[in-house]
Amino acid sequence: MLRYALFLVGMLILGLLGNAFADDLDWQEISRGELNIKTVLINPNNPKIIYFGSGKGVFMTDDAGLNWRNVLIAKGENKLVNFLAANSDAGLIFAATGNGLFRSKTDGLAWQKIYKGKNYAQNDCTAVVAAGQFIYLGTKGGLFISNDNGRSWQKESGELANSAVLAIASDKNKNGCIYVACLAGVFKSKGNAGPWEKIFSASPVEKSDSPEEEADTQDEEEKESKIKSLNIDDSGNLYLVASEGIYQSKDKGLSWNLLPVYGLLSRRINSLFISKEGKLYAAGKSGVFCYEEERWRELSWGIAAEDFFSFAGDASGNLYIACSKGLFRGKSAVNSDKIMAISQGNEPGIKSIQDVAIKYAEVNPEKIIQWRKQAGKKAFLPKVSVSVNQNTSDLWHWETGSSTKAGDDTLVEGRPSVDWDFTFSWDLSDLIWNSDQTSIDTRSRLLVQLRNDILDEVNKIYFARLRVKMELDNLGIEERKKRLEKELRLQELTASLDALTGGYFSAVRAACAS
């Protein structure tokens with residue numbers, strides 16, 4: 001129990017640190033007070049039409065969540081809507097409920113029951129996938145297949161006959177594979193209603209010796225099987241949630257590898273979601289997370305829900321999460337359009353700041369290039385030496401030869417003779433290798449390291465300033481103390497950018513403002 005508590009504390013700290021640098025989502029509750037929503041679906045042909053399923057049935061909106069109406073109630077003992085799915089090619093909506101499978105041909109306005117099981121387990125539908133004329137239906141009493149759009153059903157044989165089906169996924173390629181996750185494991189079919197191949201084996205989760213820990217980490221379904229969810233992306237990569245963590249397979253289930261759990265507050269994951277951009281999301285007991293750069297970061301700050309069940313996404317990049325507190329829509333608080341609007345306007349962009357910072361610190365790459373060119377020309381320039389020699393051998397002499405001239409027979413100082421030498425020499429070996437290159441290489445490495453340090457500092461300060469500015473814009477007028485702190489922080493970061501650019505940042509802002 002102590003180790004488990006330490007693990008949770010450690011994961012909580014890592015999650016908090018990661019969230020400090022993550023882009024937040026602005027969450028809005030759009031279910032108008034409805035709670036314990038199990039599943040959500042966006043109409044593939046009209047993103048304003050949204051469906052969610054709960055214990056009260058299927059609810060629908062055609063105005064992006066402003067107004068809702070209950071369009072389906074699964075009568076019977078178990079009214080819970082477990083799963084919603086769509087066949088965009090045929091314009092069909094499916095609702096897998098605790099009392100059979102329902103289908104709508106009118107975007108959810110009218111529903112028809114197309115499957116009813118023979119017993120309670122077979123009647124409790126958990127997952128559905130429609131591929132052409134084939135419909136694959138998962139129940140707690142096994143897998144059922146229809147090859148005529150739901151008019152007749154056939155129960156699958158083998159291990160899929162009586163094992164509770166947890167999830168179904170299909171390859172979007174023509175005649176692609178169908179994957180079924182059940183209590184016994186994961187099975188793959190290479191064609192419509194073809195033979196099934198087991199690609200992942202599941203075993204029951206071992207119960208903990210500690211009753212408290214078991215109550216915290218396992219629910220009834222987890223005690224029966226370690227598989228929770230199965231998803232496939234547009235590239236055919238499989239993602240599987242099990243008790244050990246989240247598995248990924250890039251070869252259609254031939255091999256599996258565990259994804260890192262860094263950033264997750266708990267390994268208890270209910271479902272996965274893959275956006276059109278290929279981003280992987282996970283929802284579980286501890287929150288909603290996004291997988292980026294081999295780590296998870298939490299997105300559900302501000303949603304005080306006890307459990308998160310399923311996802312959906314629309315073409316605008318909005319994320320929908322069904323949870324115990326209702327249906328929430330998340331919009332990115334820091335998107336590219338907002339960043340561009342802030343960075344342009346009356347402020348220079350990051351590229352110009354980088355260029356000026358490099359020039360101001362004299363660490364531009366052209367400096368090394370110039371050094372190498374100059375060193376290469378050294379062989380063509382001669383070494384010049386000049387020497388001056390003074391001959392003093394006849395500096396003193398006797399003046400003779402006349403008996404009448406004054407100064408005869410006197411030792412006289414003569415004029416010295418001066419020799420000049422000019423020497424020119426070339427070292428042609430410098431054409432092949434210049435010893436100065438070694439020194440230039442050393443200086444180049446130091447210059448590159450210094451330049452990277454400066455760019456890294458500029459990037460951190462620049463984008464930290466953007467975050468502070470956006471936080472300041474989102475503060476209310478009444479939050480005077482917070483606004484003052486943010487304004488001081490903004491001035492501090494501005495001064496740091498000016499120090500790195502020689503005042504360029506403020507000069508450009510002042511010029512644009514005027």
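For the numbers below, each heavy atom of this structure counts, side chains included, while hydrogens, waters and symmetry mates do not. Note that this is a predicted model, so its numbers are computed, not measured.
- Contact annotation: the side chain of Asn123 never approaches that of Cys125 to less than 4.5 Å [non-hydrogen atoms, C-beta and beyond].
- Note on residues 303-326: no pairs pass salt bridge (Lys or Arg N to Asp or Glu O under 4.0 Å), not counting sequence neighbours.
- Across Leu109 and Arg69, no two heavy atoms sit closer than the pair CD2-NH2, 3.2 Å.
- Atoms CZ and NZ, on Phe463 and Lys469 in that order, are 14.0 Å from each other to the nearest 0.5 Å.
- Ring geometry for Trp27 versus Phe328: interplanar angle over 60°, hence perpendicular rather than tilted (30 to 60°).
- For Ser163 (side chain) and Leu183 (main-chain N/O), a donor-acceptor pair under 3.5 Å exists by modelled atom type.
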Assess the residue pair Leu160 and Cys182 against the criterion (side-chain contact (heavy atoms from CB on, under 4.5 Å)); give the C-alpha distance rounded to whole Å, side-chain angles, the decisive distance to 0.1 Å, and a yes or no.
CA-CA 7 Å; Leu160 292 172; Cys182 64; 3.8 Å; yes
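- No side-chain heavy atom of Cys290 sits less than 4.5 Å from a side-chain heavy atom of Trp296.
- Remark: side-chain polar atoms of Trp256 are paired, donor with acceptor, to backbone N or O of Ile199 under 3.5 angstrom.
- Taking CG of Asn119 as the reference point, atom CD of Gln122 lies at 4.0 Å (rounded to 0.5 Å).
- The two residues Ser352 and Gly349 make their nearest non-hydrogen contact at OG-O, 2.9 Å.
- Side-chain atoms of Ser201 never come within 3.5 Å of backbone atoms of Gly185 as a donor-acceptor pair (strictly under, hydrogens ignored).
- Distance check, rounded to the nearest 0.5 Å: CG of Leu493 to CD1 of Ile461 gives 7.0 Å.
- Arg103 places a side-chain N or O within 3.5 Å of a backbone atom of Asn149 that can act as its donor or acceptor partner.
- Between the Asn162 side chain and the Gly142 main chain, no donor and acceptor come within less than 3.5 Å of each other.
- Partners of Asn45 by side-chain hydrogen bond (donor to acceptor under 3.5 Å, both in side chains), not counting sequence neighbours: none found.
- A donor-acceptor contact shorter than 3.5 Å is absent between the side chain of Thr39 and the backbone of Phe83.
- Looking only at atom types and distance, the side chain of Asn147 has no donor-acceptor partner in the side chain of Gln133 under 3.5 Å away.
- Using a 4.5 Å cut-off on side-chain heavy atoms (C-beta onward), Asp62 and Lys48 make no contact.
- For residues 105-115, the set of pairs meeting the salt bridge (Lys or Arg N to Asp or Glu O under 4.0 Å) definition, not counting sequence neighbours, is empty.
- Under the 3.5 Å distance criterion, with hydrogens and angles disregarded, no donor-acceptor pair is assigned to the side chains of Arg151 and Ser146.
- With contacts defined as side-chain heavy-atom distances shorter than 4.5 Å, the pair Phe102/Val58 does not qualify.
- Although no hydrogens or angles enter the test, the distance criterion places a donor-acceptor pair under 3.5 Å between the side chain of Thr97 and the main chain of Gly100.
- Scored by the side chain to side chain contact (heavy atoms under 4.5 Å, CB included) test, Thr126 finds Lys140, Val165 as partners (sequence neighbours excluded).
- In this structure Trp153 satisfies the ring-ring contact (aromatic ring centres under 6.0 Å, His included) test together with Tyr115, sequence neighbours excluded.
- When all heavy atoms are compared, the tightest approach of Pro348 to Ile353 is CG-CD1, 3.6 Å.
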Worked check of side-chain contact (heavy atoms from CB on, under 4.5 Å) between Ser271 and Phe311
CA-CA 8 Å; Ser271 65; Phe311 291 100; 4.1 Å; yes
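- Between the side chain of Ser316 and the main chain of Asn318, no donor-acceptor pair closer than 3.5 Å is present.
- Looking at Ile50 and Met60, their side chains never come closer than 4.5 Å, going by heavy atoms from C-beta outward.
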If you apply the rule side-chain contact (heavy atoms from CB on, under 4.5 Å), what do you find for Ile145 with Leu137, and how did you get there?
CA-CA 6 Å; Ile145 301 177; Leu137 175 63; over 6 Å; no
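- Taking each heavy atom of Ser300 and Phe308 in turn, the nearest pair found is CB-CZ, 4.0 Å.
- Between Arg329 atom CZ and Tyr320 atom OH the span is 4.5 Å, to the nearest 0.5 Å.
- Side chains of Tyr281 and Ser275 form a contact here, defined as non-hydrogen atoms less than 4.5 Å apart.
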Using residues 232-241 as the side-chain source, report each donor-acceptor pair under 3.5 Å to any protein atom, sequence neighbours left out, with the distance given to one decimal.
unit_1 : atom_1 : unit_2 : atom_2 : d
Asp233 : OD1    : Ser235 : N      : 3.0
Asp233 : OD1    : Gly236 : N      : 3.0
Asp233 : OD1    : Asn237 : N      : 2.7
Asp233 : OD2    : Asn237 : ND2    : 3.2
Asp234 : OD1    : Lys172 : NZ     : 3.3
Tyr239 : OH     : Gln248 : NE2    : 2.9

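- Between Ile246 and Leu272 the shortest side-chain heavy-atom distance falls below 4.5 Å.
- For residues 32-44, every residue pair satisfying the salt bridge (Lys or Arg N to Asp or Glu O under 4.0 Å) rule, not counting sequence neighbours, is listed here: Glu34-Lys56.
- In this structure, the separation between CG on Asp171 and OG on Ser189 is 12.0 Å, given to the nearest 0.5 Å.
- Looking at Glu492 and Arg489, a side-chain N of the basic residue comes within less than 4.0 Å of a carboxylate O on the acidic one, giving a salt bridge.
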Between Leu101 and Thr139, does a side-chain contact (heavy atoms from CB on, under 4.5 Å) hold up when you go through it step by step?
CA-CA 10 Å; Leu101 177 66; Thr139 73; over 6 Å; no
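- With sequence neighbours left out, Tyr247 forms a ring-ring contact (aromatic ring centres under 6.0 Å, His included) with Phe200.
- Lys486 contributes atom NZ, which lies 10.5 Å from atom CG of Leu490 (distance to the nearest 0.5 angstrom).
- Annotation: salt bridge (Lys or Arg N to Asp or Glu O under 4.0 Å) contacts involving residues 269-282, sequence neighbours excluded, comprise Lys279-Glu292.
- Residues passing the side-chain hydrogen bond (donor to acceptor under 3.5 Å, both in side chains) test with Gln354, sequence neighbours excluded: Asn459.
- Shown here are the ring-ring contact (aromatic ring centres under 6.0 Å, His included) partners of Phe52, two or more places apart in sequence or in another chain: Phe59, Trp68.
- A donor atom on one side chain and an acceptor atom on the other are found under 3.5 Å apart for Asn231 and Ser229.
- A 4.5 Å side-chain heavy-atom check between Leu84 and Val40 finds every atom pair outside the cut-off.
- Residue pairs meeting the side chain to side chain donor-acceptor pair (under 3.5 Å) criterion with at least one member in residues 77-91, sequence neighbours excluded, are Asn82-Asp124.
- Nearest heavy-atom pair, Ala322 versus Ile37, reported as atom, atom and distance to 0.1 Å: CB-O, 3.4 Å.
- Scanning both residues, Ile135 and Gly150, for their nearest heavy atoms gives CD1-N, 3.7 Å.
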